[in-house]
Amino acid sequence: HPPVVAEDLGKKYTRGWALRDCALEIPAGRVVALVGPNGAGKSTLMGMITGLLRPTTGRIAVFGDVPNGRGMHRSVAFLTQAKPLYPQFTVTETLRYGQRANPGWDQAYAEELVRKAQVPFAAKVGTLSGGQRTRVALALALGKRPRLLMLDEPLADLDPLARETVLQTLVEEARAHGITVLLSSHVLAELENVCDHLVLLTSGRVRLAGDVDQLMRQH
Ligand code: ADP
Ligand code: ADP
């Protein structure tokens, strides 16, 4: 099964539709950019993939399973904008938390990612720079050994250098381990050099979706 398949997917909040008529397939092994202006429906789509939000219309399947609202698919890791890392925890304690919370946890891999990021294990998360904190959050997400890693606006609070290293880490790990990556941004330019698949969302509708090289030939 592909990481995500959606048919006729829609989500209506009290004030109206945030997503409509969404037909989508996220292919395995790609780095997928989910791009659209603020309010386009990116977080809403991600919320339905995680199962946090229930669709109003249509169907969605994650690795062939319908999200049941009782927690995310075990092969999915999700980094939200809020990056819920306890600031008073050290990096070591943060990884220990990951280990406790996740059955398939790979401690050696998580540690390797922290070492690559040159973040001290004894540092409290709250003292780290935005880029370092994101790299620790990535280690925490990738330590689960997910097959799909989703990131909601992971670059929003970062300086240009941190953006580059975070993207580089993402792409390297995705390629090395065959992880499908779905990351959102309201700035296409941030992702155009790293993504090989693009989904463009505006006003709750998918306007364009496909492999980048194919889209370049068609348009
Ligand atoms: P519920 O349906 O459980 O009452 P709410 O609609 O109150 O949930 O909101 C759930 C979350 O979404 C809250 O964190 C809230 O801040 C956020 N939220 C509410 N309205 C909006 C909005 N228009 N845009 C973005 N986030 C919103
Ligand atoms: P994006 O992630 O692209 O910025 P969202 O999915 O957060 O878009 O929002 C899509 C639309 O749905 C917006 O109009 C937003 O205000 C609205 N919205 C998002 N969350 C909620 C919520 N919990 N309750 C009501 N409206 C919401």
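Computed from heavy atoms alone, side chains included, the values below leave out hydrogens, waters and symmetry copies. Counting convention: from 1, in listed order, for ligands and their atoms alike. Worth saying up front: this structure is predicted, and the values here are computed from it rather than measured.
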*Contact check: T14 vs ligand 2, nitrogen or oxygen atoms, below 3.5 angstrom*: no

Under 4.0 Å from a heavy atom of [X]: which atoms of ligand 2 are those, numbered in the order shown and with their elements?
X	value
N38	4 (O)
A18	10 (C), 11 (C), 12 (O)
S43	1 (P), 2 (O), 6 (O), 7 (O)
A40	1 (P), 3 (O), 8 (O)

*Mind checking what makes ring-ring contact (aromatic ring centres under 6.0 Å, His included) contact with F78, not counting sequence neighbours?*
none

*Side chain proximity check, V31 to L183, heavy atoms < 4.5 angstrom*: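 Yes, close enough: below the 4.5 Å cut-off.
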
*Please state whether P37 comes within less than 4.0 angstrom of ligand 2, counting heavy atoms only.*
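Checking ligand 2 against P37, which is what was asked, there is a heavy-atom contact under 4.0 Å.
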
*Measure the distances from the heavy atoms of G36 to every atom of ligand 2 and state whether one is below 4.0 angstrom.*
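Contact check G36 vs ligand 2: negative.
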
_Between D152 and K42, does any NZ, NE, NH1 or NH2 come within less than 4.0 Å of an OD or OE carboxylate oxygen?_
no

*More than 12 non-hydrogen atoms from neighbouring residues, nucleotides or ligands closer than 6.0 Å to CD on Q88, yes or no?*
yes

*When you look at NZ of K124, are more than 12 heavy atoms from neighbouring residues, nucleotides or ligands closer to it than 6.0 Å?*
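No, because the 6.0 Å sphere around NZ of K124 holds 12 heavy atoms or fewer from other groups.
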
*Please identify each residue that fulfils side-chain contact (heavy atoms from CB on, under 4.5 Å) with E172, with sequence neighbours left out.*
Q168

